[in-house]
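Remember, it's 1-based here, ligands and their atoms both numbered in the order they're listed. All values below were derived from every heavy atom in this structure, side-chain atoms included, with hydrogens, water molecules and symmetry-related copies excluded. The structure presented is a predicted model; accordingly, all values stated were derived computationally and were not measured.
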Amino acid sequence: MIAKPSEERLLIALQKKGRLADDSFALLKACGLRFAIRGGGLLARVKNMPVDLLLVRDDDIPSFVSNDAADIGIVGENVLVEEQLTGELDAQIAMRLGFSRCRLCLAAPERGTVQSADDLSSTRIATTYPGVTRRFLSERGIDAKLVEMKGAVELAPSIGVAESICDLVSSGATLEANGLAAFETILESEAVLIRSTRALPAAKADLLDKLLRRIEGVTTSSGSKYIMLNAPKAEVDAISALLPGSDAPTVMPLAGRDDMVAVQAVCTETVFWETLEDLKALGARAILVLPIEKLMS
Ligand code: PRP
Ligand code: ZN
């Protein structure tokens with residue numbers, strides 16, 4: 001039996017192990033939470049903030065948040081949507097986290113009888129996502145039979161229990177290893193932070209706000225770079241236009257040079273080698289690209 005969350009400590013439900021676990025722990029650590037995960041433990045205490053981590057199976061996270069067994073949770077959107085479609089839940093997305101991106105796809109043997117959604121009528125689809133699959137079928141008016149499984153769905157066609165499958169695809173390696181090809185994406189997913197619609201006690205609500213602001217800072221800064229370069233005065237506008245995802249670069253005089261200025265900017269989008277080559281072609285020199293550790297706007 002899991003104790004109800006205390007009034008003071010924010011309880012975050014997280015996947016114990018699996019596709020989201022490591023990235024979730026890394027995100028919380030980047031937000032300044034200090035904790036250690038020991039094998040087998042259900043609860044991890046954060047040392048420097050009034051926060052506890054509840055380590056559970058991903059499928060349980062939405063209902064824990066809904067039932068007040070945890071204040072918030074981090075879970076794959078695929079799991080959230082599936083649980084929303086198969087039960088009554090008070091759990092919604094508070095913030096998208098951008099990691100653990102994957103797709104829920106329909107897939108079938110490369111040269112089998114099912115090659116597209118049009119071929120699904122009267123066939124069997126194996127899945128661990130009956131809710132999302134059923135929603136897709138009813139939206140398309142397709143009458144097919146679901147074979148609900150607990151795992152190893154990719155084996156269903158070869159052992160003859162279904163003509164196609166509906167499963168998560170990330171790198172695509174599992175499909176390929178089983179001679180399957182995806183023919184339809186029915187849900188795009190990423191890690192999301194979820195909460196219920198109920199109000200939290202004031203202290204916890206403040207803590208959650210603080211955490212959300214820190215997560216924003218971590219996620220915006222992770223792809224961001226600080227660019228410094230020297231540019232011909234005449235090309236400053238053209239050069240600024242090339243800097244990806246920066247709005248107002250800082251332009252400063254360079255001692256002893258009337259024709260050149262120093263330009264500095266935060267780029268919130270990926271800076272490719274091609275961008276640097278284009279900058280150089282416009283006369284930019286001494287181009288430095290620096291990582292940004294934290295960013296708060
Ligand atoms: C999912 C899915 C596939 C695999 C796909 O399983 O069921 O087996 O990941 O990933 P890939 O495209 O990179 O090969 P997951 O690891 O989430 O475990 P689960 O099936 O036990 O939930
Ligand atoms: Zn799972």
- request: Please round to the nearest 0.5 Å and tell me the distance separating atom CZ of Arg96 and atom CZ of Arg101.
  value: 8.5 Å

query: CD/Glu293 to OG/Ser221 distance, rounded to the nearest 0.5 angstrom?
result: 8.0 Å

query: Would you say the side chain of Lys29 lies within less than 4.5 Å of the side chain of Phe35, judging by non-hydrogen atoms?
result: yes

- request: Specify side chain, backbone, both or neither for Thr174, according to which of its non-hydrogen atoms lie closer than 4.0 Å to ligand 1.
  value: both

- request: Check ligand 1 against Glu154 and write out every atom of the ligand that is under 4.0 Å from a heavy-atom position of the residue.
  value: 8 (O)

- prompt: Where the closest heavy atom to atom 3 (C) of ligand 1 is concerned, which of Val169, Leu175, Asp167 has it?
  reply: Asp167

- request: Identify, by atom number and element, the atoms of ligand 1 in contact range of Ser171, meaning under 4.0 Å from any of its heavy atoms.
  value: 11 (P), 12 (O), 13 (O), 14 (O)

field: Connected-component partners of Leu175 among ILVMFWY, side-chain separation under 4.5 Å
entry: Val147, Met149, Val153, Ile165, Val169, Leu180

message: Within the 4.0 Å heavy-atom shell around Gly172, which atoms of ligand 1 are there?
response: 11 (P), 12 (O), 13 (O)

Gly151 near ligand 1 by a heavy-atom separation under 4.0 Å: no

field: Salt bridge Arg140-Glu184, side-chain N to carboxylate O under 4.0 Å
entry: yes

task: Show which atoms of ligand 1 fall inside a sub-4.0 Å distance from at least one heavy-atom site of Arg19.
output: 1 (C), 4 (C), 5 (C), 6 (O), 9 (O), 10 (O), 15 (P), 16 (O), 17 (O)

same_hphob_cluster(Leu207, Leu14) at 4.5 Å side-chain heavy-atom cutoff: yes

